[in-house]
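First the proteins, then the strands, lettered A, B, ... as listed; each starts at 1. Computed from a predicted model, the values in this text were never measured in an experiment.
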Protein chains: 2
Amino acid sequence: MKRTTIKDLSKYLSLSTSTISRALLNDENVHPDTRKRVLEAAEKFNYRPNSTALNLRYGKSKSIGFVVPEMITPFSAKVLQGVQDILYPLGYKVMILQSDENPMRERENLLLLETFNVDGIILNLCHETINEGLYKEIMQRGTPLVFFDRIPAKSLDVSRVIVDDHIKASLMVEHLVSIGCRRVAHIMGPATVRNSVERAKGHKRILTKHGIFDSELVVKTGGTMFEDGKMAVKKLFDKNIEFDGIFAFTDTLAIGAMNHLLEAGVKVPGEVAIASFSGTELSVNVFPQLTSVEQPLVSMGEAAAELVLEKIKDSNAESKNVVLNAELIYRASTLTKKSST
Amino acid sequence: MKRTTIKDLSKYLSLSTSTISRALLNDENVHPDTRKRVLEAAEKFNYRPNSTALNLRYGKSKSIGFVVPEMITPFSAKVLQGVQDILYPLGYKVMILQSDENPMRERENLLLLETFNVDGIILNLCHETINEGLYKEIMQRGTPLVFFDRIPAKSLDVSRVIVDDHIKASLMVEHLVSIGCRRVAHIMGPATVRNSVERAKGHKRILTKHGIFDSELVVKTGGTMFEDGKMAVKKLFDKNIEFDGIFAFTDTLAIGAMNHLLEAGVKVPGEVAIASFSGTELSVNVFPQLTSVEQPLVSMGEAAAELVLEKIKDSNAESKNVVLNAELIYRASTLTKKSST
DNA sequence: CCAGTTTTTGGGAACGTTCCCATTGCAGTA
DNA sequence: TACTGCAATGGGAACGTTCCCAAAAACTGG
């Protein structure tokens, strides 16, 4: 069941392929009657252009890669939605790869995308430094890279999309303090990404400001899955570290932590208030609902897509840093907390 | 920064493109020394074959489409993982499209994939009948379709991957009854997909067997998101329908329902036990953890990928129905329920 | 040393497009 | 009538491969 090609139409209509092509592309150097005949024949035989041939002709693959640490939580899915909203209407394919928070896997993914000839790559990295050399190489070979959420060091000349982690984290911790928390633990993300560090800084800064910072309150985690949140609380329990608030790197960590607290019979927010960064439906689909910094994830994807398109169009386009606004939304997990010490 | 092509190598080594190609493909009709020279040059100039050209040559796009109702919950993400595990190593690209539970959107997605020339499509449909004609057309035009989870009517000759919904649903409802539930509500999925109907049948059959079926216990929903689960419980409350157990179509519905119950101060599982179908991390990352039918989602994806590969290799390969086993896992949401009437 | 065989290499079409550069046909003008 | 100018069409290269077929080179053995 071979698909109809321009050649088929050319034979059928006794016209050259050039004319067919022109008619199909609405080139004006074609007699209206001819165009009509061509279009009718195309319709009749259900002609659709062969995108592979076009890609070869134009030297593009019309596809872009999307590399994320994981797709299990809705985070990447929401960003992806934004990316697709922009790219699909333009005829781009989007290829998704998961790195499982493993820099080696990320490396493989990037190389795979290169062999697939993608026109650009949108990337949420899983380790700030390990693959930096590779990013450079790939860009030198001509494939633009755009980062979102977790971005590489400033030294790398790439476009980035982020929210202001430090400020939003500060505001959130301030909120926890304002409702009466005096021992706000921080469940930190992987220390190998800038985000984690920024948010942790916010936490430290605010608590220090209030004279209530204690380094024991900062718990390091291996990843950002529910499990890691659970483990973090376990650690606090094991070390007998008191806490009446938790500020978590992500909603997944927060939820993992919260569930473990609830299982242990700890009241949330009565005994421990919880807040985190989010932007996904997770924050409202738990009980109690999570107070969080709502990142505009769809917009983040849209912005990243726009940036990569710019770079594809003009490989010398200058890199941009887009900082999106994120809103603090207060929900049940930080409500009805004792409002005085 | 043009990429090195075979022609470049051909010029550099004063060899014909044929010989270069042969050397690169490890064809044995090439002098070992020549091969060595070629490989070295290829290495030196970092030659990598142009996949677009290959695709054109071979008349394939080496890509397959993956169409799902949504990607917000981990369900599709897990299946996708299985799909990718099989397809990426073979050099296939996977293109993901979300239909938002909207048959029209699904239609557009399928047509888009066709224009992208995918070699095959793996599909989780969102309405059993509306697009059936389109499925047929697409297959007639030469693109194989493989369904998983939500499958079309038996009359359509396609490969399918599912679990035995009716049996597993029955077993789960039986479990709820066995722990003492007498009024087991069912939060049904969209009535337009076979799955929903099958699971609802299981629910009805078991309750009828025990003489405790009441059609009022069956709540219809518009979708399968958290919200829909919430709405379902609201409906039961509004209509003043008593219930001491819930069997939900999916974990998302169950969690939405559970959260609403908890917000209303209802004890889970003390006053209402909850169970559902799952297979994702959601079932263990809520409090209390959810008893559920754990579907082997990764395997489901792998199976679907294998099936589509079969069809790609041989367009006349006969269709297969793969039924995967799913395990019932009992967790806190159905524990410590009164064990006698 | 030559005919015959085998190994190694080269030429060029093909995949489906687009687009540059002719070529054709015809109307209008000198 | 002969020429110019323009509209409409056709020819064919190019994108980067593979692979069929032929040609050349390198071996055989008598």
Could you pull out the closest heavy-atom pair between B:M300 and B:V161, with the gap in Å?
-> CG-CG1, 3.8 Å
Could you pull out the closest heavy-atom pair between A:V83 and A:G301, with the gap in Å?
-> CG2-O, 3.4 Å
Take the C1' atoms of the five end pairs on each side of the helix from C:dC1-D:dG30 to C:dA30-D:dT1, get both axes, and report the angle to 10 degrees.
-> 70°
Rounding to 0.5 Å, atoms CD (B:E128) and CZ (B:F147) come to a distance of 10.0 Å
Going 5' to 3' through nucleotides 6-11 of chain C, assign each nucleotide B (protein heavy atom under 4.0 Å from a base atom), S (under 4.0 Å only from sugar-phosphate atoms) or - (no protein heavy atom that close).
-> --BBBB
Decide, yes or no, whether a salt bridge links A:E70 with A:R105 under the criterion of side-chain N to carboxylate O below 4.0 Å.
-> no
B:I96 and A:Q84: which non-hydrogen atoms are nearest, and at how many Å?
-> O-NE2, 3.0 Å
Closest heavy-atom contact between A:T224 and A:P190?
-> CG2-CD, 3.7 Å
N/O (side chain, A:Y58) to phosphate O (OP1/OP2, D:dA14) under 4.0 Å = no
Using atom types as modelled and distance alone, determine if a side-chain donor or acceptor of A:R107 lies under 3.5 Å from a backbone N or O of A:N131.
-> no
Are any of B:Y47's side-chain N or O atoms less than 4.0 Å away from OP1 or OP2 of D:dT17?
-> yes
Working to the nearest 0.5 Å, report the span between CD of B:E137 and CG of A:N46.
-> 8.5 Å
Compare side-chain N and O positions of A:K7 against OP1 and OP2 of C:dA14 and report whether any pair is under 4.0 Å apart.
-> no
From the list D:dC19, C:dG16, D:dG16, which nucleotide is the closest neighbour of the side chain of B:L25?
-> D:dC19
Are there any protein N/O atoms within less than 3.5 Å of an N/O atom in nucleotides 23-28 of chain C, and if so, which ones and at what distance?
none

Pairing of A:E40 and A:K44 as salt bridge, 4.0 angstrom limit | no
